[in-house]
Asks: 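Let me give you the structure first, and then I'll get to my questions.
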Protein chains: 2
Amino acid sequence: MVKRTSFEGDACPIARSLDAIGDGWSLLIIREALFGLRRFGEFQNKLGMAKNILSARLRALVDHGILATAPASDGSAYQEYVLTPKGHGAFPILVALRQWSEEFDDRPSEIATILVDKDKGRPVRKLELRAQDGRLLSQPDTLVKPRPAPRRRSTTARSNLSPSS
Amino acid sequence: MVKRTSFEGDACPIARSLDAIGDGWSLLIIREALFGLRRFGEFQNKLGMAKNILSARLRALVDHGILATAPASDGSAYQEYVLTPKGHGAFPILVALRQWSEEFDDRPSEIATILVDKDKGRPVRKLELRAQDGRLLSQPDTLVKPRPAPRRRSTTARSNLSPSS
DNA sequence: GGCATATGGTTTTATAATGCAACCACACAA
DNA sequence: TTGTGTGGTTGCATTATAAAACCATATGCC
């Protein structure tokens, strides 16, 4: 079998994300959905993509629990696609991609938009990664460790998992 | 001409990022490069991908200024691939993808690793988006605005559009 | 030097994804 | 009932991805 390798069973969380939204259109659809779009035609118009692909992507995003189909909303008996919490949760990914372009793009003058704080109308800061004690971290300050086994019943920081799990 | 639509000339910074690294392998290569890998064979082994594709991706990443080829380093006259500052700058994107999986994946128990602060060994916080005055922002607190014209010499916020436009 | 083998790819060939255009089904309006 | 807009699906051409085979140069060993 020769197909686009899937990372669904992979242990790396990055690979798992990419398996769901790493296809070039999904994130743009999510971007537009965050912006407020809901209808098939709206996405198709705004993104200018082929309808069959949009159709396939929307279905995949629904399957992945990123979008949900809502029965109507504005009266007419058509379908809408709305973000689930998981879909909304992709916002930082979009911000990270945006800021990467803003900082490193070869032709930054071609970038047409900026992300601002709604209250003040001023550009947002760069995304910040912090330690639990609040220290600002950059990549060399971090480390990838194997995940500790989830403790079940236990002593110190007691978990609330039911005994049956 | 029917090819994978490119967003190179697009005004959206997210689309521009995806044009460079939105293909499913590039980010994994960057991840491994951040982790320290440099050689063709190392990438091939770790990622288990076909060599021709790895070859194509590495070349594309070099073309995009994300990787650079270093002449040697450990003596042997082979080539190495090292991250440029632009490549290192993709770190927040990887963190965002990782945290999205950690928070929303359907089978979180399959995720094998966590990102920790090297000093204390404790998990990092979620990425934070802040306004310039430090207020923590979530998506509804933000807005995408057209980029103001870059002022060249000039006074307050005067536009620099030429009279001919 | 000569031979084996590892490294770092390219070529070949097959399959899957993408893109466009045409078509279709249903809702709604006149 | 005919028309039109919305929301898709189907067919076909093109491109990207994948696996495996092949190849060129380096290096290790005798």
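Letters A, B, ... are given to chains in the order of the sequence lines, protein chains preceding strands, and every chain is numbered from 1.
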Asks: Would you mind reading off the distance between B/Asn45 atom CG and C/dG9 atom C1', rounded to a whole angstrom?
Replies: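 Distance, rounded to whole Å: 14 Å.
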Asks: According to a strict under-4.0 Å criterion, is B/Trp25 in side-chain N/O contact with OP1 or OP2 of D/dA16?
Replies: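 No, because none of the side-chain N or O atoms of B/Trp25 sits under 4.0 Å from OP1 or OP2 of D/dA16.
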Asks: Is any side-chain N or O of B/Arg57 closer than 4.0 Å to OP1 or OP2 of D/dA18?
Replies: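 No, because none of the side-chain N or O atoms of B/Arg57 sits under 4.0 Å from OP1 or OP2 of D/dA18.
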Asks: Which whole-number value in Å describes the distance from B/Glu42 CD to C/dG9 C1'?
Replies: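 In whole Å, C/dG9 C1' lies 16 Å from B/Glu42 CD.
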Asks: Can a side chain N or O of B/Gln79 be found less than 4.0 Å away from OP1 or OP2 on C/dG9?
Replies: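 Yes, B/Gln79 has a side-chain N/O under 4.0 Å of OP1/OP2 on C/dG9.
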Asks: Do A/Arg147 and B/Ser109 have side-chain N/O donor and acceptor atoms under 3.5 Å apart?
Replies: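 No donor-acceptor contact under 3.5 Å links the two side chains.
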Asks: If we check side-chain hydrogen bond (donor to acceptor under 3.5 Å, both in side chains) with B/Asp117, which of these qualifies: A/Arg135, A/Gln132, A/Arg130?
Replies: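 It is A/Arg135; the other options fail the test.
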Asks: To the nearest angstrom, how far is A/Gln44 atom CD from D/dT9 atom P?
Replies: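 Distance check: A/Gln44 CD to D/dT9 P gives 13 Å.
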Asks: Using the test side chain to side chain donor-acceptor pair (under 3.5 Å), find all partners of A/Thr69 that sit at least two apart in sequence or belong to another chain.
Replies: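 A/Thr69 satisfies side chain to side chain donor-acceptor pair (under 3.5 Å) with no residue once adjacent residues are dropped.
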Asks: Answer with yes or no whether A/Tyr78 presents, from its side chain, a donor or acceptor under 3.5 Å of a partner atom in the base of D/dG8.
Replies: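 Not at all, since no donor on one side and acceptor on the other fall under 3.5 Å apart.
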Asks: Under 4.0 Å between a side-chain N/O of A/Ser55 and OP1 or OP2 of D/dT9, yes or no?
Replies: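 So the side chain of A/Ser55 is within the cut-off, an N or O lying under 4.0 Å from OP1 or OP2 of D/dT9.
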Asks: Using whole Å, what does the distance between atom P of nucleotide C/dA17 and atom CG of A/Asn52 come to?
Replies: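 A/Asn52 atom CG is separated from C/dA17 atom P by 13 Å.
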Asks: Can you measure A/Ile53 atom CD1 to D/dT14 atom P for me and round it to whole angstrom units?
Replies: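 In whole Å, D/dT14 P lies 16 Å from A/Ile53 CD1.
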Asks: Assess, by modelled atom type and distance only, whether the side chains of B/Asp141 and B/Ser138 contain a donor and an acceptor separated by less than 3.5 Å.
Replies: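 Yes, a side-chain donor-acceptor pair sits under 3.5 Å.
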Asks: How long is the line joining CG of A/Leu54 and C1' of C/dA17, in whole Å?
Replies: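 In whole Å, C/dA17 C1' lies 16 Å from A/Leu54 CG.
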Asks: Is the B/Phe43 to B/Trp25 ring centre distance short of 6.0 Å?
Replies: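 No, too far apart.
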Asks: For C/dT10, take OP1 and OP2 only and decide whether either is under 4.0 Å from a side-chain N or O of B/Arg59.
Replies: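 Answer yes for this pair, as a side-chain N or O of B/Arg59 is under 4.0 Å from OP1 or OP2.
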Asks: By nearest atom, which of the nucleotides D/dT9, D/dT17, C/dG9 is closest to the A/Lys51 side chain?
Replies: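 For the A/Lys51 side chain, the nearest candidate turns out to be D/dT9.
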Asks: Let me know the distance between CD1 of B/Ile29 and C1' of D/dT17, rounded to the nearest Å.
Replies: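 Between C1' of D/dT17 and CD1 of B/Ile29: 13 Å.
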Asks: Between A/Tyr81 (OH) and D/dG8 (P), how many Å, whole number?
Replies: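 Going from OH in A/Tyr81 over to P in D/dG8 covers 4 Å.
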Asks: Counting only side-chain N and O atoms of B/Arg39, is one of them less than 4.0 Å from OP1 or OP2 of C/dT7?
Replies: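 So the side-chain polar atoms of B/Arg39 never come under 4.0 Å of the phosphate oxygens OP1 or OP2 of C/dT7.
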